[in-house]
Structures are given as C-alpha cells and as structure tokens.
Amino acid sequence: MRQRPVMAAVGTVALAVVLAGCARGGLAPRGPEAERILDVTEILVIAGGAVALLVVATWVVAVRRPGRGDDLDAGRDELDPDPVERGLVLGGGIVLPGVVLTGLFVLGVWTMSRPPPTGDLVVEVVAHQFWWEVTYRQVPGVEPFATANEIHVPTDTDVDFRLRSEDVIHSFFVPQLAGKVDMVPGRVTSLTLSADQPGVYEGACAEFCGMQHARMRMRIVAQEPDDFAAWADGQTRPAQAPEGPEEVRGREVFLARSCVGCHTIRGVAEEGDVGPDLTHLATRDEIAAGTLPLDESNLRAWIDNAQSIKGGARMPPQDLPDEELDALVAYLLGLG
C-alpha cells in the first residue's frame, strides 16, 4: 500500500516530461508568434506537473504520518496546532497558489501582447460561410488584388492581417505560425505573423460557424521574398485570354450564365462579389476552402452541384448542359 503514493509521484513526473515533449514535437512552430505560444505551453505543462507532484507529495506525508487519534478524547481547545500541518495549509493553500497563478497571469499577458503593425505588407481576410476572402491591400510595388482560401506570404517578413467576418463568428487559426484570433461581425481584429522558412502551413476556422465548419480550411504558403514578389506580380494581372475554341466557348458560358453575378474575373467581368475571385484560379491547389484538390473532375463536380459536396455553401446547382460545363471547366483551368 505504501508504494502507491511513490508510484503516483513517479508517474506524475514522467507524464509531465512526456507532455512537454509532445507539445514541442506536435506543434512544430515555424514562426516567432508560434514559438512564444509553445514556450508558454511547455511552462504550463511543467508547472501543472509540479503542482500535481506537490499534491501527491502532500498525500504521501499525510498517509505516512502517525495518527493523532489518541488526542481526539481531549477537548478541542487543548489540542496544539501541528506546525507541519499549519505550514502545509499556509504554504500549499495560500502562498504557493498565489505565486504560481500570479506568475502564470503575467506570462499569459506577455504572450497575448503582440508587436505593433508595421504596415509594410497588409492582408485583409474576410471570413464567410464557409470560405476565406483574401485581399492584399498593401504589397510593395504592386496594386491591390484579391484571391481566396490560399494566402501567400514572404518568409522572414512581418505580415499584418486585418481580420473580419461577413456573417457569424469565425476564428483564424494557423497553429504552426500563430494562435487563433476570433473574427467577430462588425469588428476588425489584427494579427502580425511571420514564417521562418518556406512551406505550406495548414489553417482552419477554429470557431464553430455552421454545418460546414469542418470544411472551412485555408493554406498559408510561405515563399522566399523573390518568389513571393513574382507571385504577387502575376496575381495583379488581368485574367489570361482563352487560347483554344473550347476555352473561348467557356468564357462565353461564364458571361452568359449566373457565374458572372457571383464571381469576378478581372478583365472579363468584375461585378461579382458573392463568391471567390476566379481571376487566377488555376494557380491554387484546392477549391471550396480545402474541400477538394483542384483538378478537372473535381471542378466539374463542384460547378455542377456544389451542394452535393458541401451542403450549406452559397453556390447553387448550375444544371448546365455537358457541352457548356466542359467548356466552362476548360476555361477556368486555363486561368493561370
């Protein structure tokens, strides 16, 4: 029986060490903001393990100390207070929690504080049910432009995000780069993040926002500054002109059907503001906010009946003849 408290104490220490290791390996931060969060996570795990160990140690002391049952026959006023017990109550119940909680509060405030925006590179992200509208408001050397769901950033550069919601509460969360930031209708929140190295970092909405919340994903693509500058320059250009007869026919279908009322293709039709900007659709890897890889069959199925794939999306079934649907898909896949 007396071995159980000792085993519990050893198990507590081992668990704290394992959790601290899992935090570093699982979060894999790739930016200074995420590094700070990981540091705090490790401190919280270690502090929690230490508090648990103290509780177990107190239990061990209580179990192993000789009883005072013989004193119970005496009057309550005649019992002398035990200095060990008094020390445990004062130290473990008042002093230690006060010091630990105060320290963790200060640490949390420091973690939540963010550097002021630099204003050099400004990206506005608007959350919709269930996709992300991305507008590059300020990029050195290029005019503003819009895209969707896939956000490109240069490495080792502070990127200032302006975040807002168009409908319900959403939350912007890219774990390897920064903590989550809520997006509340009627408010603009800010986030400055930086990526240490090139790569693709998965993100998602982290606040339940409706029936397709789980399929409201995004990708942040971190590129070397020169590669980002080349990508941004390409995104500012009007849509690529169709090359073959089928693509020409596809542009005609786009202009004649309801597509033009919801989507913008710069240089072709720029009135649509309900759905994603399609000007350079073919440069993206996915469609429907990470629901499907971008290829001919998936794009065809999405245009034909998006509701069968992502019920609750705002895009209605199109019911196009096969000839028109094939031409439209060919045209959109040529928008590089």
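These numbers were taken from a predicted model, which means no experiment stands behind them.
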Item to check | Pair Asp285-Leu294, side-chain contact (heavy atoms from CB on, under 4.5 Å): steps then yes or no | outcome: CA-CA 5 Å; Asp285 294 326; Leu294 176 57; 6.0 Å; no

With a 4.5 Å cut-off on side-chain heavy atoms, are [Y] and [X] touching?
{"X": "Asp182", "Y": "Thr189", "value": "no"}
{"X": "Arg164", "Y": "Arg187", "value": "no"}
{"X": "Thr279", "Y": "Glu270", "value": "no"}
{"X": "Ile287", "Y": "Leu281", "value": "yes"}
{"X": "Val126", "Y": "Ser165", "value": "no"}
{"X": "Lys310", "Y": "Trp302", "value": "yes"}
{"X": "Val181", "Y": "Ser171", "value": "no"}
{"X": "Thr236", "Y": "Tyr136", "value": "no"}

May I ask you to decide whether [X] forms a salt bridge with [Y], counting only side-chain N to carboxylate O separations under 4.0 Å?
{"X": "Arg257", "Y": "Glu324", "answer": "yes"}
{"X": "Glu286", "Y": "Arg284", "answer": "no"}
{"X": "Asp277", "Y": "Arg266", "answer": "yes"}
{"X": "Glu252", "Y": "Arg249", "answer": "yes"}
{"X": "Arg162", "Y": "Glu124", "answer": "no"}

Work out which heavy atom in [X] is nearest to a heavy atom in [Y]; give both atom names and the distance.
{"X": "Thr192", "Y": "Glu33", "value": "O-OE1, 4.3 Å"}
{"X": "Glu150", "Y": "Thr147", "value": "O-CG2, 3.9 Å"}
{"X": "Pro198", "Y": "Glu224", "value": "CG-OE2, 3.5 Å"}
{"X": "Ala269", "Y": "Phe254", "value": "CB-CE2, 4.1 Å"}
{"X": "Val274", "Y": "Gly261", "value": "CG2-O, 4.4 Å"}
{"X": "Gly312", "Y": "Met211", "value": "CA-SD, 3.7 Å"}

If Ile, Leu, Val, Met, Phe, Trp and Tyr residues are connected whenever their side-chain heavy atoms lie under 4.5 Å apart, and connections chain through other members, are [X] and [Y] in the same group?
{"X": "Leu278", "Y": "Ile151", "value": "no"}
{"X": "Leu177", "Y": "Phe173", "value": "no"}
{"X": "Val100", "Y": "Leu44", "value": "yes"}
{"X": "Phe130", "Y": "Leu292", "value": "no"}
{"X": "Leu255", "Y": "Ile303", "value": "yes"}

Next on the checklist: Working note: Val253 + Tyr331, criterion side-chain contact (heavy atoms from CB on, under 4.5 Å); need CA distance, chi angles, decisive distance, verdict.
Outcome noted: CA-CA 9 Å; Val253 172; Tyr331 170 60; over 6 Å; no

If only atom types and distance count, is the side chain of [X] paired as donor or acceptor with the main-chain N or O of [Y] below 3.5 Å?
{"X": "Gln197", "Y": "Thr155", "answer": "no"}
{"X": "His213", "Y": "Glu207", "answer": "yes"}
{"X": "Arg215", "Y": "Ile309", "answer": "yes"}
{"X": "Glu247", "Y": "Ala327", "answer": "no"}
{"X": "Gln307", "Y": "Ala313", "answer": "yes"}

What's the spacing between [X] [atom1] and [Y] [atom2] if we round to 0.5 Å?
{"X": "Thr283", "Y": "His152", "atom1": "OG1", "atom2": "NE2", "value": "6.5 Å"}
{"X": "Cys259", "Y": "Ile265", "atom1": "SG", "atom2": "CD1", "value": "8.0 Å"}
{"X": "Cys205", "Y": "Met218", "atom1": "SG", "atom2": "CE", "value": "7.5 Å"}
{"X": "Asp156", "Y": "Ser194", "atom1": "CG", "atom2": "OG", "value": "5.5 Å"}
{"X": "Asp304", "Y": "Leu299", "atom1": "CG", "atom2": "CG", "value": "11.0 Å"}
{"X": "Ile37", "Y": "Gln176", "atom1": "CD1", "atom2": "CD", "value": "12.5 Å"}

Please say whether more than 12 non-hydrogen atoms of neighbouring residues, nucleotides or ligands are located less than 6.0 Å from [atom1] in [X].
{"X": "Glu143", "atom1": "CD", "answer": "no"}
{"X": "Arg314", "atom1": "CZ", "answer": "no"}
{"X": "Glu296", "atom1": "CD", "answer": "no"}

Next on the checklist: Would you call the rings of Trp231 and Phe145 parallel, tilted or perpendicular, taking 30° and 60° as the class edges?
Outcome noted: perpendicular

Next on the checklist: Would Met216 and Trp132 count as a side-chain contact (heavy atoms from CB on, under 4.5 Å) here? Give the steps.
Outcome noted: CA-CA 8 Å; Met216 187 173 171; Trp132 309 89; 3.7 Å; yes

Next on the checklist: Test side-chain contact (heavy atoms from CB on, under 4.5 Å) on Asp167 and His128; report intermediate values, then the result.
Outcome noted: CA-CA 6 Å; Asp167 35 53; His128 302 262; 4.1 Å; yes

